[in-house]
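Have a look at the structure below, then the notes.
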2 protein chains.
Amino acid sequence: MMISTKGRYALRFLADVAEHQGDGFVPLKDVAVRQKISEKYLEIVVKELVKGGLLTALRGKGGGYRLSRSPEEYSVKSILELMEGSLAPVACLESGQNVCPRSNDCRTLPLWQGLDKIISDYLAQFTLADLYGKT
Amino acid sequence: MMISTKGRYALRFLADVAEHQGDGFVPLKDVAVRQKISEKYLEIVVKELVKGGLLTALRGKGGGYRLSRSPEEYSVKSILELMEGSLAPVACLESGQNVCPRSNDCRTLPLWQGLDKIISDYLAQFTLADLYGKT
DNA sequence: CTATTGACATAGTGGTTTAGTAGGTATATA
DNA sequence: TATATACCTACTAAACCACTATGTCAATAG
């Protein structure tokens with residue numbers, strides 16, 4: 001398993017905000033209730049989304065969150081990469097990893113590179129806009 | 001990261017055995033040296049391969065391991081599935097998992113199902129025979 | 001028959017990740 | 001001023017990962 005609850009919750013949170021924001025802000029609590037996710041744990045997830053610039057927050061009464069951009073501008077890949085750190089299927093392909101000394105004659109490296117590419121390409125196809133509305 | 005050292009070591013072990021078995025048995029130690037993998041840890045990995053029927057073992061002097069079938073009959077997918085338990089990218093798709101109660105109106109489920117499929121299809125394409133020899 | 005070579009078995013371990021929980025502070029609105 | 005909201009720090013139980021340690025069982029070579 002490669003995508004944890006953190007990534008999946010982020011996706012569901014963003015999709016829920018996209019669906020409900022209208023012209024105002026959506027409080028975290030409302031999303032937590034609708035999506036049946038622990039409020040406290042969601043806070044941790046959402047903090048990273050704010051820090052990453054995906055969400056704009058407003059404190060105090062009437063506050064909450066809204067998308068910083070329009071839903072079509074959020075690729076699923078970029079969201080998951082932010083939350084999971086990396087989507088690489090194997091450790092040796094993780095960014096910021098020192099290159100494996102065996103990589104020159106590694107028989108399995110091309111296999112992993114190919115796998116990494118199809119995963120990336122697949123997830124880059126979708127955006128937040130694909131994730132809500134069509135009941 | 002979704003494929004651990006266990007899966008990667010298994011692949012490298014099997015490929016090494018395929019390459020060196022000839023008509024005899026390949027001792028674990030030789031593979032460990034060639035592949036620079038901890039001998040003791042490899043034992044754990046290999047035990048599962050024997051249990052899963054992928055390898056045939058012979059004890060004592062002159063013993064070791066050889067493939068139970070010919071290399072073309074080992075799909076990378078089946079090897080990795082055996083070692084990792086599941087290749088599902090998300091928990092809710094893991095086999096033997098009770099179905100998620102939200103699955104009927106889950107907006108992200110089709111996304112995960114699609115991802116799961118392209119990963120499976122990709123890994124099913126390759127066999128052990130693709131993983132050795134062509135220096 | 002014995003020493004050696006190997007597979008097989010069981011248990012422990014230090015570090016990291018996961019999925020949270022607890023309790024409090026800062027800030028905006030009614 | 002009360003309330004609703006975001007934000008912050010810290011803790012935790014459980015699982016997982018990548019090993020290590022210490023053996024026992026079995027087959028062959030001498």
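Naming convention: chains lettered A, B, ... in sequence-line order (proteins, then strands); numbering from 1 in each chain. Excluded from the calculations below are hydrogen atoms, water molecules and symmetry mates; all remaining heavy atoms, backbone and side chain alike, are included.
- Among the nucleotides C/dA7, D/dC7, D/dA27, the one closest to any side-chain atom of B/P27 is C/dA7.
- Summarising the geometry, the separation between CZ on A/F13 and C1' on D/dA6 is reported as 11 Å, rounded to the nearest angstrom.
- Counting atom types as modelled, A/K40 pairs a side-chain N or O with a base atom of C/dG23 as donor and acceptor under 3.5 Å.
- We find that CG of A/D30 is positioned 7 Å from P of D/dT5, with the value rounded to whole Å.
- Rounded to whole Å, atom P of D/dC7 lies 19 Å from atom NZ of A/K61.
- Here B/K51 does not pair with B/E48 in a salt bridge; the nearest charged N to carboxylate O distance is not below 4.0 Å.
- Take the nearest nucleotide of DNA chain C for B/G63 and for A/G60: the residue whose nucleotide is more 5' is B/G63.
- Residues B/Y65 and B/V26 have side chains not in contact (no heavy-atom distance under 4.5 Å, counting atoms from C-beta outward).
- In this structure, of D/dA18, C/dC8, D/dC19, it is D/dA18 that holds the atom nearest to the side chain of B/S4.
- Each of B/L28, B/L54, B/V45 was scored for a side chain to side chain contact (heavy atoms under 4.5 Å, CB included) with B/F13, with one residue passing: B/L28.
- The separation between A/R59 atom CZ and C/dT25 atom C1' is 8 Å, rounded to whole Å.
- The phosphate of C/dA19 (OP1 or OP2) has no side-chain N or O of A/Y9 nearer than 4.0 angstrom.
- Contact between the side-chain N/O atoms of B/Y65 and the OP1/OP2 oxygens of C/dG6 is not found at any separation under 4.0 Å.
- For B/S38 and D/dT20, the shortest distance from a side-chain N or O to OP1 or OP2 is below 4.0 Å.
- A side chain to side chain contact (heavy atoms under 4.5 Å, CB included) with B/I79 is found for one member of B/L131, B/L14, B/L123 and no other, namely B/L14.
- At whole-Å resolution of the value, CG in A/L58 and P in D/dC7 are 9 Å apart.
- For DNA chain D, the residues of residues 41-50 of chain B within the heavy-atom distance limit of 4.0 Å (strictly under) are B/Y41, B/I44, sorted by number.
- Protein atom CD of A/E39 is 13 Å distant from nucleotide atom P of C/dA22, rounded to whole Å.
- Map B/E84 and A/G62 each onto its nearest nucleotide of DNA chain D; the residue landing nearer the 5' end is A/G62.
- Using a 4.0 Å cut-off between charged nitrogen and carboxylate oxygen, A/R8 and A/E84 do not count as a salt-bridge pair.
- A salt bridge between B/D16 and B/R12 is absent, with no side-chain N of the basic residue lying under 4.0 Å from a carboxylate O of the acidic one.
- Note: NZ (B/K29) to P (C/dC8) measures 17 Å, nearest angstrom.
- Distance B/M2 CE to C/dT18 P: 15 Å, rounded to the nearest Å.
- Once rounded to the nearest 0.5 Å, the distance linking SG of B/C92 with CH2 of B/W112 reads 8.0 Å.
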